[in-house]
Every structure is written in structure tokens, then in C-alpha cells.
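Notes to accompany the following structure.
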Amino acid sequence: MELKDKIIVVTGAASGIGRALALRFAEEGARKVVCADLNLEGAEETAAQIDGLAIAVNVGIEEQIKALIERVEAEVGPIDLFCSNAGILMPGGPEASNEDWQRIWDINVMAHVWAARHLVPLMKERGGGYLLNTASAAGLLNQVGSAPYGVTKHAAVGLAEWLALTYGDDGIKVSVLCPQAVRSEMTRGHEDGVASLDGMLEPEPVADACVETIRNETFLVLPHPEVLGYMRKKTENYDRWIGGMRKLNRAYAGRYRR
Ligand SMILES: NC(=O)c1ccc[n+]([C@@H]2O[C@H](COP(=O)([O-])OP(=O)(O)OC[C@H]3O[C@@H](n4cnc5c(N)ncnc54)[C@H](O)[C@@H]3O)[C@@H](O)[C@H]2O)c1
């Protein structure tokens, strides 16, 4: 899909990857980029750079995603591309509280479900649309030190696959973004983390990779090409792959500080 003249919504647009996506879409000539975030001030800063529209939203609440979609459709026009990008990270394993598990589940997974629930019927009716969902390389390879992140990002990849295979015949394209470390608020103070083993990318080349993928209408966005090799190793020999991940766990699991 070409981005020129398109109406685009980006969640998590106040910062990091979401901000870079919004700016890059504007460069491509989008008609309007809606910058949605919990942090309205940050979303307004992004929007101000591109004559965008800033909207406050908590993507962890279905009613707010529904209201976001309804407002954009009414005030701006039919949404061509919806980027479910907002996400959170927390350390820990099964011992993390139920409240934390539910919070990350709602933000990293259900937000994508709710966006599809309220947008796919509209897109189907008009013959198509595009969903770009931000997961992570952790959704393909897991996350040392954070079960809630690794698990929710796997679910996000699974949902994106399901949406792609189910609605492809309705003209709805789906891509899923799976980077390793990217410099952002999320990774500030974690520059030496396990996800940075292959280097930390700036958000701008990640946005470039998304634009290229959307243009080609392919599924997987892998700004760190090494990830494909790790996926192959995992499917070739699961046990050897777990052995390798155990080594990483010994070296890196203790490094989470928040
Ligand atoms: N930075 C990385 O290394 C990396 C790697 C892989 C995937 N990701 C994913 O990329 C996405 C963007 O993260 P980032 O790295 O740009 O981090 P970031 O923290 O800089 O940006 C995330 C944005 O999401 C917003 N947000 C958080 N919770 C929200 C909510 N409930 N409702 C609305 N907005 C909310 C925050 O205010 C923030 O502006 C996330 O889904 C993250 O999991 C990041």
C-alpha cells in the first residue's frame, strides 16, 4: 500500500517507535496522521511537527479504542492504516501479580484485539485496509527476564497471523513489527540488555523498515535481520535453542532494574 493521502492512526505516538512512525508517514505524504497516546502532551508534540491530530487514549480500555476509531472516522475520514503500537514491558515471571499480568495483557494483546474488533467490519465494508501491529522479536524468540513481555508478544504475533489469514480475502493486509532493541523510553537504562546483543537501532530505521514492508504488503517486519536466523535455529532444534537461551538467561536475567 502506498501511504500518500492515507488516513493513519498510530498508538504510542508520543515517543520512540510510534513517534518515528508518525513522522515517517507524514514524510510519505499521508493525508492525516492521528497521534494517539496515554501521554497527550507527548502526542501533541509529535502531531505539532506534522500537522497531525493528537488524541488521548488508554489502549488498555476497549471503550477508549472504540471511541478513538469512531472519532477519527467521523472527524477525519475512513482509517486506511491503524498501527497498534503502544506497549509496555515489565520484569518478572509467574510471581508477578495478577494485576500486572492483566495490565500487560490488555495493553500488549487486547488492544490489538479491540482495534480489530471495531475497525475490521468498517474496513471489510469498504473493501480493505491495513493493520500494522507492533509485537517484538520477543514474540518470536521470547524475552529473558520477562515472562509477561515474552508471553504477550507471542500472543500479539499469533493474533496478527490470525488476522492476516482470516481477513486477507477481504482485502485487509496485516503486518507485524518484531524488532530487537530500539532506542526509546522503554529501553532507556537497559542499553546493555540482552535485546541489544545485535545492536540497538534508532527508531527511524525501524520506521523505514515498516514503510517498506507496508509498500510491499508483506507480513513480517524484521529491522534486525539476525532474528530470521534465530527463528530458523529454533525450529531446526528446539532443545538446542532452549540451551542457548538458558545461557543468555544466566548472563542477562538479573539485569532488569524496573
Ligand atoms: N524499544 C524496543 O527495544 C522495542 C523492541 C521491540 C518491540 N518494542 C515495542 O514497540 C512498541 C513501542 O515501544 P517504544 O520502544 O517506542 O517505547 P516507548 O516507551 O518509547 O513508547 C511507548 C508509548 O506507548 C505509550 N503507552 C503506554 N501505555 C499506553 C496505553 N495504555 N495507552 C496508550 N498509550 C500507551 C507510552 O506513553 C509511550 O508514548 C511497544 O509495543 C514495544 O513493546 C519495542
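These values consider heavy atoms only, across backbone and side chains, with no hydrogens, waters or symmetry-generated copies. Whatever order the structure lists them in is the order used to number ligands and atoms, beginning at 1. The first residue in the sequence is number 1, and the count goes up from there.
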Mark up the atoms of ligand 1 that fall under 4.0 Å of a heavy atom belonging to [X], in ascending order.
X      : result
Thr187 : 1 (N), 2 (C), 3 (O)
Ala86  : 24 (O), 26 (N), 34 (N), 35 (C), 41 (O)
Ile107 : 31 (N)
Gln180 : 3 (O), 5 (C), 6 (C)

Query - ligand 1 N/O within reach of Val59 N/O, cut-off under 3.5 Å - result: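 Between Val59 and ligand 1 (N or O atoms, distance only) the closest approach is under 3.5 Å.
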**Report entry** Val182-ligand 1 polar pair, N/O distance under 3.5 Å
**Finding:**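 Yes.
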Nearest non-hydrogen protein atom, [atom]:
atom                    : answer
atom 6 (C) of ligand 1  : Pro179 O, 3.3 Å
atom 28 (N) of ligand 1 : Ile88 CG2, 3.8 Å
atom 22 (C) of ligand 1 : Gly87 O, 4.2 Å
atom 41 (O) of ligand 1 : Asn85 O, 2.8 Å
atom 10 (O) of ligand 1 : Thr134 CG2, 3.2 Å
atom 31 (N) of ligand 1 : Asn58 OD1, 2.8 Å
atom 29 (C) of ligand 1 : Leu38 CD2, 3.9 Å
atom 44 (C) of ligand 1 : Ile17 CD1, 3.8 Å

Can you tell me if [X] contacts ligand 1 (heavy atom of the residue under 4.0 Å from the ligand)?
X      : value
Ala181 : yes
Ala36  : no
Arg19  : no
Lys153 : yes
Thr11  : no

Got a donor-acceptor contact below 3.5 angstrom from the [X] side chain to the [Y] backbone?
X      : Y      : result
Ser196 : Asp192 : no
Ser84  : Asn133 : no
Gln180 : Asp198 : no
Asn58  : Gly60  : yes
Glu161 : Leu159 : no

Query raised in the report: Can you list the residues that meet the ring-ring contact (aromatic ring centres under 6.0 Å, His included) rule with Tyr230, with sequence neighbours excluded?
Result: none
Donor-acceptor list for residues 8-18 side chains, cut-off 3.5 Å, not counting sequence neighbours:
unit_1, atom_1, unit_2, atom_2, d
Thr11, OG1, Cys83, O, 3.4
Thr11, OG1, Asn85, N, 2.9
Thr11, OG1, Ala86, N, 3.0

Requested in this report: May I have the step-by-step check of side-chain hydrogen bond (donor to acceptor under 3.5 Å, both in side chains) for His118 and Glu62, ending in yes or no?
Outcome: CA-CA 9 Å; His118 297 290; Glu62 179 177 7; 2.8 Å; yes
Requested in this report: Select one of side chain, backbone, both or neither to describe which atoms of Ala135 lie under 4.0 Å from any atom of ligand 1, heavy atoms only.
Outcome: backbone
Taking the side chain as everything from C-beta on, heavy atoms only, tell me whether [X] gets closer than 4.5 Å to [Y].
X      : Y      : result
Leu53  : Arg71  : yes
Leu132 : Cys210 : yes
Trp114 : Lys66  : no
Arg215 : Glu212 : no
Leu131 : Val120 : yes

Evaluating non-hydrogen atoms only, which member of [options] is closest to [atom]?
atom                    : options                      : answer
atom 33 (C) of ligand 1 : Thr46, Ile61, Val57          : Val57
atom 37 (O) of ligand 1 : Asp37, Asn39, Leu21          : Asp37
atom 21 (O) of ligand 1 : Ala56, Ala14, Ser15          : Ser15
atom 17 (O) of ligand 1 : Gly16, Gly12, Ser184, Ser136 : Ser184

Query raised in the report: Do you know the tightest heavy-atom contact between Asp170 and Thr166?
Result: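 Nearest heavy atoms, Asp170 then Thr166: OD2-O, 4.0 Å.
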